[in-house]
Q: 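Right, I'll just put the structure down here and ask away after.
Positions are given from 1 along the sequence. Ligands are counted one by one from 1 in listed order, and the atoms in each one are counted from 1 as well.
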Amino acid sequence: MVPVTEPSGPHPAAPSRTLVRRPRRLRQSPALRRLVAETVLGVDDLVAPIFVADGLEAPRPIGALPGVLQHTLGSLVAEVRHLVDLGVPGILLFGLPRPEEKDGRGSAAFRADGIVQRALTAVRDAVGDSVVVMADCCLDEFTDHGHCGVLDPRTGDVDNDATVALYDLVAVSQAAAGADVVAPSGMMDGQVASLRAALDGAGYERTAILAYAAKYATALYGPFREAVDVTIRDGGDRRTYQQDVANRREALLEVGLDVAEGADMVMVKPALISLDVIADVRRTFDVPVAAYHVSGEYAMVRAAAERGWIDGQAVALEQITAIKRAGADMVATYFAAELAEALGG
Ligand code: PBG
């Protein structure tokens with residue numbers, strides 16, 4: 001038997017005793033880690049996307065988004081009160097019209113008594129200004145073909161300028177109903193400048209614009225389409241107006257245009273496959289940057305957690321923290337209520 005002896009010298013691979021940089025020193029206790037944390041995720045960073053549907057008798061679960069509901073006006077108000085109690089500072093509202101109201105122009109999106117407009121007023125009446133009420137400004141939930149704008153009969157593609165003219169009507173009707181922020185998500189060129197002029201012209205100079213400035217065409221929106229009952233006609237997609245996932249520099253062009261057109265805040269979407277873009281935008285512009293942890297990103301975490309493969313809440317915290325670390329000032333996430341609770345808001 002070989003006797004066990006103290007090694008006579010340092011292990012050849014051991015760090016020298018004169019090593020000065022020892023990053024592990026600052027990881028030794030939870031308090032020390034908290035003290036040196038570069039990124040602190042808090043309730044104030046969260047925005048809760050929320051769905052309201054016209055003509056529902058009771059709130060309806062969304063299969064691909066476990067824990068997320070299509071709300072009635074009544075359950076919407078209750079949920080917003082809950083979010084306010086948790087300290088969540090912002091909601092992002094999406095509306096579903098009655099199916100029979102859909103048409104080629106999405107006109108139910110800009111009616112004074114549309115579902116989004118009624119919901120905005122109900123929320124405003126219930127919670128005042130204790131939460132920032134942001135309204136998605138788009139047409140896809142309201143068009144019978146499922147595109148984010150009106151179609152040009154000659155090309156079959158979305159007609160940019162005709163669509164922007166309708167977004168103006170949507171934004172003004174949302175501001176009139178009580179939205180603090182309108183969030184154009186259709187990726188039409190010139191939409192921010194047009195909305196700003198329309199809002200100002202109607203006396204809504206105080207209504208802010210959160211521009212979905214860098215929004216990519218991605219399969220990660222799949223569960224959302226179920227949430228809002230949208231199917232794009234003839235198996236179509238949004239690649240002629242949303243960005244190609246392959247492009248990074250183009251995002252700075254898009255954001256630069258939106259900032260120049262008057263965007264108060266800009267959104268990068270989706271979040272996890274765009275961390276480089278979030279970092280670029282943060283470095284290049286001084287407006288607040290939002291990121292949207294989208295439906296597919298949420299659904300993947302929930303699905304794996306349901307199978308017991310991952311700890312869903314821990315992964316959610318890591319993902320949303322990483323999005324903030326990349327440079328986002330706020331994150332829209334379907335985990336907002338759950339994380340607000342976990343963060344002790
Ligand atoms: C379009 C819109 C979409 C999302 C937000 N606004 C869908 C799309 O562009 O097809 C997706 C959000 C998500 O996936 O969570 N109005």
Q: Going by side chain to side chain donor-acceptor pair (under 3.5 Å), name the residues that satisfy it together with Glu79, two or more places apart in sequence or in a different chain.
A: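 Counting only residues at least two positions away or on another chain, Glu79 forms no side chain to side chain donor-acceptor pair (under 3.5 Å).
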Q: Which of the atoms in ligand 1, numbered in the order shown and given with their element, are less than 4.0 Å from a heavy-atom of Asp136?
A: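 Reading through ligand 1 atom by atom, the close ones are 6 (N), 16 (N).
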Q: Does the ring centre of Phe110 sit less than 6.0 Å away from the ring centre of Tyr167?
A: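 Here the rings of Phe110 and Tyr167 have centres that are no less than 6.0 Å from each other.
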Q: Starting from atom 3 (C) of ligand 1, what is the nearest protein heavy atom, named by residue and atom, and what distance separates them?
A: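 Going by distance alone, atom 3 (C) of ligand 1 is nearest to Phe224 CE2, 3.4 Å.
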Q: In ligand 1, which numbered atoms sit nearer than 4.0 Å to a non-hydrogen atom of Lys269?
A: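 Those atoms are 2 (C), 3 (C), 4 (C), 5 (C), 6 (N), 11 (C), 12 (C).
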Q: At less than 4.0 angstrom from any non-hydrogen atom of Ser185, what atoms of ligand 1 do you find?
A: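 Contacts of ligand 1 toward Ser185, numbered from 1: 1 (C), 6 (N), 16 (N).
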Q: Look up atom CG in Leu93 and atom NE2 in His71, then write down how far apart they are to the nearest 0.5 Å.
A: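 That separation rounds to 10.0 Å.
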Q: Check each atom of ligand 1 against the heavy atoms of Asp140 and keep those under 4.0 Å away; list them by number with element.
A: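 Per the distance check, 1 (C), 16 (N).
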Q: Not counting sequence neighbours, list each pair that qualifies as a side-chain hydrogen bond (donor to acceptor under 3.5 Å, both in side chains) and has a residue in residues 212-222.
A: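 Residue pairs with at least one partner in residues 212-222: there are none.
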Q: Would you mind listing which atoms of ligand 1 come within a distance below 4.0 Å of any non-hydrogen atom of Arg238?
A: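 Atoms satisfying the 4.0 Å criterion: 8 (C), 9 (O), 10 (O).
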Q: Evaluate the ring planes of Tyr334 and Tyr292, with Trp represented by its six-membered ring, and classify them as parallel (under 30°), tilted (30 to 60°) or perpendicular (over 60°).
A: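 Tilted: the ring planes of Tyr334 and Tyr292 meet at 30° to 60°.
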Q: Which atoms of ligand 1 sit under 4.0 Å from any heavy atom of Gln242?
A: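 Under 4.0 Å from Gln242, ligand 1 has these atoms: 8 (C), 9 (O).
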Q: Within the 4.0 Å heavy-atom shell around Ser295, which atoms of ligand 1 are there?
A: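 Atoms satisfying the 4.0 Å criterion: 13 (C), 14 (O), 15 (O).
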Q: Do Arg282 and Asp329 meet the salt-bridge criterion of a basic N to acidic O distance under 4.0 Å?
A: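 Arg282 and Asp329: salt-bridged.
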Q: For Gln313 and Glu338, which I'm curious about, is there any donor-acceptor pair between the side chains at under 3.5 Å?
A: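 Gln313 vs Glu338: donor-acceptor pair found between side chains.
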Q: Tyr298 near ligand 1, heavy-atom distance under 4.0 Å?
A: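 It does not, in that no heavy atom of Tyr298 comes within the 4.0 Å cut-off of ligand 1.
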Q: With atom 1 (C) of ligand 1 as the reference point, say which of Arg225, Glu141, Lys215 has the nearest heavy atom.
A: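 Among Arg225, Glu141, Lys215, the closest heavy atom to atom 1 (C) of ligand 1 belongs to Lys215.
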Q: Atoms of ligand 1 less than 4.0 Å from Tyr292 heavy atoms?
A: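 Every atom of ligand 1 under 4.0 Å from some heavy atom of Tyr292: 12 (C), 15 (O).
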Q: Answer with yes or no whether the side chains of Ser107 and Asp103 bring together a donor and an acceptor at under 3.5 Å.
A: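 Yes, because at least one side-chain N or O of Asp103 sits under 3.5 Å from a partner of the opposite role on Ser107.
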